[in-house]
Amino acid sequence: MEAKDRIIVALDVDGLDKAKSLVESLAPHVGCFKLGLELLTAVGAPQAVEFVHTLGGQIFYDGKFNDIPNTIAGAAKAVAAMEVKMFNIMASAGIEAMMAAVANKGKSLVLAVTVLTSFEENNAHLTFGVPSKAKVLQLARDAKLAGCDAVISSPQELELLGKQKELKGLLKITPGVRPEWAAANDQKRIMTPGEAIKAGADYLVIGRPITKPPKEIGTPVDAAKKIAEEIASAL
Ligand code: C5P
């Protein structure tokens with residue numbers, strides 16, 4: 001895998017017209033595009049997926065499935081038929097639901113979302129009854145048991161996950177990544193691309209630093225290339 005293939009660009013837009021030039025120009029320079037609930041709901045999943053595929057991009061289908069195993073099986077089958085590179089499920093849906101996703105994944109990778117990083121520690125503790133790191137570890141173990149290909153966590157949990165022998169082989173994907181030259185925006189506990197890769201991330205989800213780069217960096221393609229260079233030198 002080349003360094004650029006580790007970059008997942010978050011396409012946080014509400015319409016395809018806004019994404020066209022981004023996908024067209026970035027497709028040769030990044031691994032894939034993350035289509036989130038906003039775009040999938042506004043435009044319709046098959047349309048959004050076809051649009052990106054036609055422009056030469058690969059897809060991370062960020063549908064965050066969370067349902068009973070039978071429903072997850074059907075949803076996984078439907079999304080795998082669209083030939084997306086990866087799609088995700090909430091690990092909290094349970095081991096059986098994750099197994100249903102894995103059994104129907106076709107050629108796609110199944111990613112398990114552990115704890116949403118929007119949870120502040122106090123709320124995570126209240127909701128889960130344990131500190132968020134403990135919950136992330138438990139859910140990652142469930143994901144591995146169920147046969148998922150990867151987990152999504154905050155950069156802060158990468159090292160902890162990497163230390164667990166039983167999680168060997170489970171890929172790690174993280175958002176909350178900011179190059180030194182980019183604004184933090186609303187992201188709080190961030191790491192640079194180099195730090196995240198060194199901490200064990202296999203793929204990085206990056207939105208605004210690429211889609212809206214600072215003027216001095218140049219175009220989205222310039223930003224993606226710069227990040228790929230940083231990843232390459234951290235590997
Ligand atoms: O623009 P930015 O790089 O902050 O975009 C990060 C992307 O990753 C957004 O699509 C955001 O919804 C997503 N994400 C995140 N933190 C999470 C889960 C998803 O930033 N815990």
Side-chain angles (χ1 to χ4, degrees), residues 6-15 18-19 22-23 26 29-43 45 48 52 57-66 84-93 111-121 123-124 127-128 132-133 135-137 139-140 143 148 150-158 160-161 171-197 199 201-214 217 220 222-224 226-228 230-231:
R6 297 177 185 272
I7 302 175
I8 298 172
V9 180
L11 271 189
D12 290 321
V13 292
D14 59 5
K18 292 178 190 153
L22 272 177
V23 176
L26 284 170
H29 303 284
V30 300
C32 65
F33 295 92
K34 181 173 83 68
L35 304 184
L37 284 174
E38 182 181 6
L39 189 67
L40 295 171
T41 307
V43 176
V52 174
Q58 298 201 70
I59 292 170
F60 165 12
Y61 187 101
D62 185 12
K64 295 193 178 67
F65 295 157
N66 192 3
V84 301
K85 186 171 176 189
M86 43 183 98
F87 69 92
N88 59 5
I89 173 169
M90 299 302 293
S92 55
L111 286 34
V113 179
T114 56
V115 173
L116 292 171
T117 50
S118 49
F119 268 101
E120 285 178 1
E121 189 55 38
N123 285 336
T127 303
F128 304 121
S132 57
K133 276 200 163 59
K135 192 67 189 174
V136 167
L137 201 50
L139 291 171
C148 290
V151 282
I152 307 178
S153 76
S154 92
Q156 268 65 37
E157 282 109 30
L158 288 170
L160 174 73
L161 293 173
L171 298 169
K172 296 185 283 299
I173 301 182
T174 189
V177 176
R178 285 291 178 272
E180 258 160 30
W181 44 261
N185 310 113
D186 49 355
Q187 296 284 7
K188 303 248 158 44
R189 295 177 299 154
I190 52 183
M191 277 192 190
T192 65
E195 286 167 347
I197 292 289
D202 297 285
Y203 293 92
L204 310 177
V205 177
I206 306 176
R208 289 160 288 182
I210 292 178
T211 58
K212 296 182 183 123
I217 295 298
D222 295 327
K226 217 169 156 56
I227 291 171
E230 185 175 337
I231 292 172

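Excluded from the calculations below are hydrogen atoms, water molecules and symmetry mates; all remaining heavy atoms, backbone and side chain alike, are included. Please read all numbers here as calculations on a predicted model, not as lab measurements. Atoms within each ligand, like the ligands themselves, are counted from 1 in listed order.
Considering backbone and side-chain atoms together, Arg178 places an N or O closer than 3.5 Å to an N or O of ligand 1.
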Kindly indicate, with the supporting measurements, whether the criterion side chain to side chain contact (heavy atoms under 4.5 Å, CB included) is fulfilled by Val115 and Lys135.
CA-CA 7 Å; Val115 173; Lys135 192 67 189 174; 3.8 Å; yes
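Which parts of ligand 1 touch Arg208 is read off a 4.0 Å heavy-atom cut-off, strictly below it: atoms 1 (O), 2 (P), 3 (O), 4 (O). Applying the 4.0 Å criterion to heavy atoms of Val205 picks out, from ligand 1, the atoms 7 (C), 8 (O). Those atoms of ligand 1 that come under 4.0 Å of a heavy atom in Ile206, given as number and element, are 3 (O). Counting atoms of ligand 1 from 1 in the listed order, those under 4.0 Å from a heavy atom of Ala10 are 7 (C), 10 (O). Close approach of ligand 1 to Gly207 (heavy-atom distance below 4.0 Å) involves ligand atoms 1 (O), 2 (P), 3 (O), 5 (O).
Protein heavy atom at the shortest distance from atom 20 (O) of ligand 1 is Gln187 NE2, 2.8 Å. At the top of the distance list for atom 17 (C) of ligand 1, counting protein heavy atoms only, stands Thr117 OG1, 3.1 Å. The single protein non-hydrogen atom nearest to atom 10 (O) of ligand 1 is Asp12 OD2, 2.8 Å, given as residue, atom name and distance. Among all non-hydrogen protein atoms, the one lying nearest atom 12 (O) of ligand 1 is Lys34 NZ, 4.2 Å. Considering only non-hydrogen protein atoms, atom 15 (C) of ligand 1 sits nearest to Pro175 CB, 3.5 Å.
Just one of Ile206, Thr211, Ile210 meets the side chain to side chain contact (heavy atoms under 4.5 Å, CB included) condition when paired with Arg208; it is Thr211.
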